[in-house]
A.B. asks: 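This is the structure I want to talk about, given as structure tokens.
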Amino acid sequence: MIDAKELCANLTTDMIGTTAFGLNIDSLNNPECEFRKNRKMIFDDTIKHRMKSGEKRNDLIDILIELKKQCVDEDLRDFSEY
């Protein structure tokens, strides 16, 4: 029997990992992967690393960093609050 909810969660994790972070998560074969367990910390660490290194990958992280730079004086909430 296939758990459709878990299958969709794993597919979503893989898609977000690939499109937003440029990573190959492969949570379909490893549903207990570290990315799913630590996604908030990974997200924060990735943004900090990319801002410090200046590395560009033309992905969602680049867009979020650019948005943050444009809104320096704005009171932005942490992304995880939404």
Side-chain angles (χ1 to χ4, degrees):
M1 179 180 249
I2 296 174
D3 183 350
K5 182 179 177 182
E6 190 65 21
L7 176 65
C8 289
N10 288 333
L11 287 170
T12 301
T13 298
D14 287 351
M15 292 299 294
I16 290 171
T18 299
T19 57
F21 297 98
L23 302 172
N24 182 12
I25 305 300
D26 195 25
S27 62
L28 288 173
N29 292 318
N30 185 10
E32 298 300 319
C33 65
E34 290 299 313
F35 187 85
R36 287 193 73 188
K37 291 178 184 177
N38 300 304
R39 60 189 169 265
K40 168 89 170 84
M41 181 187 66
I42 293 169
F43 181 77
D44 291 344
D45 288 350
T46 301
I47 289 183
K48 288 175 188 173
H49 170 73
R50 290 281 210 56
M51 289 179 75
K52 185 176 180 178
S53 71
E55 180 181 358
K56 300 284 187 200
R57 293 189 180 181
N58 295 320
D59 57 10
L60 178 63
I61 298 297
D62 287 348
I63 294 169
L64 293 173
I65 290 170
E66 188 61 35
L67 178 64
K68 182 177 174 106
K69 288 177 183 177
Q70 291 175 6
C71 301
V72 172
D73 294 329
E74 299 290 325
D75 181 23
L76 299 177
R77 295 180 186 189
D78 186 12
F79 291 114
S80 64
E81 292 181 13
Y82 296 102

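Throughout, residue positions are numbered sequentially from 1 according to the sequence presented. Excluded from the calculations below are hydrogen atoms, water molecules and symmetry mates; all remaining heavy atoms, backbone and side chain alike, are included.
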A.B. asks: Looking at every heavy atom in both Asn29 and Pro31, which two are closest together, and how far apart are they?
C.D. replies: C-CD, 3.7 Å
A.B. asks: Of all the heavy-atom pairs spanning Phe43 and Leu64, show the shortest one and how long it is.
C.D. replies: CZ-CD1, 3.6 Å
A.B. asks: If you take all heavy atoms of Glu32 and Lys37, which pair is closest and at what distance?
C.D. replies: O-CE, 3.2 Å
A.B. asks: Could you tell me which non-hydrogen atom of Thr13 sits nearest to which non-hydrogen atom of Ser27, and how far apart they are?
C.D. replies: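 Scanning both residues completely, I find the closest heavy atoms to be CB-OG, 3.7 Å.
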A.B. asks: Can you name the nearest heavy-atom pair linking Gly22 to Asp59, along with the distance?
C.D. replies: N-OD2, 4.1 Å
A.B. asks: What is the distance from atom CG of Leu11 to atom CD of Glu6, rounded to the nearest 0.5 Å?
C.D. replies: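 Output value for this atom pair is 10.5 Å.
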A.B. asks: Would you compute the distance between atom CE of Met15 and atom OG1 of Thr18 and round it to the nearest 0.5 angstrom?
C.D. replies: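 Here the rounded value is 7.0 Å.
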A.B. asks: Check this for me: does any side-chain nitrogen of one of Arg36 and Asp14 sit under 4.0 Å from a carboxylate oxygen of the other?
C.D. replies: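 Looking at Asp14 together with Arg36, the answer is no, because their closest N to O distance does not fall below 4.0 Å.
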A.B. asks: Would you say Leu23 ends up clustered with Met51 if hydrophobic residues are merged whenever their side chains have heavy atoms under 4.5 Å apart, either directly or through other cluster members?
C.D. replies: yes
A.B. asks: How many angstroms lie between atom SG of Cys33 and atom CG of Asp26, to the nearest 0.5 angstrom?
C.D. replies: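 Going from SG on Cys33 over to CG on Asp26, the span is 8.5 Å.
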A.B. asks: Any chance you could measure Met1, atom CE, to Asp3, atom CG, to the nearest 0.5 Å?
C.D. replies: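 One finds 9.0 Å between CE of Met1 and CG of Asp3.
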A.B. asks: Say you draw a straight line from CG of Asp44 to CG of Asn38; how long is it, rounded to the nearest 0.5 Å?
C.D. replies: 11.5 Å
A.B. asks: Is there a path of hydrophobic side-chain contacts, each under 4.5 Å between heavy atoms of I/L/V/M/F/W/Y residues, joining Leu28 to Ile2?
C.D. replies: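 Looking at the clustering, Leu28 is in the same group as Ile2.
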A.B. asks: Indicate the atoms forming the closest heavy-atom contact of Asp62 with Glu55, along with that distance.
C.D. replies: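 For Asp62 and Glu55, the tightest heavy-atom pair comes out as OD1-O, 3.8 Å.
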A.B. asks: Measuring from atom CZ of Arg57 to atom OG1 of Thr46, what distance do you get when rounded to the nearest 0.5 angstrom?
C.D. replies: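 Between Arg57 CZ and Thr46 OG1, I get 8.5 Å after rounding to 0.5 Å.
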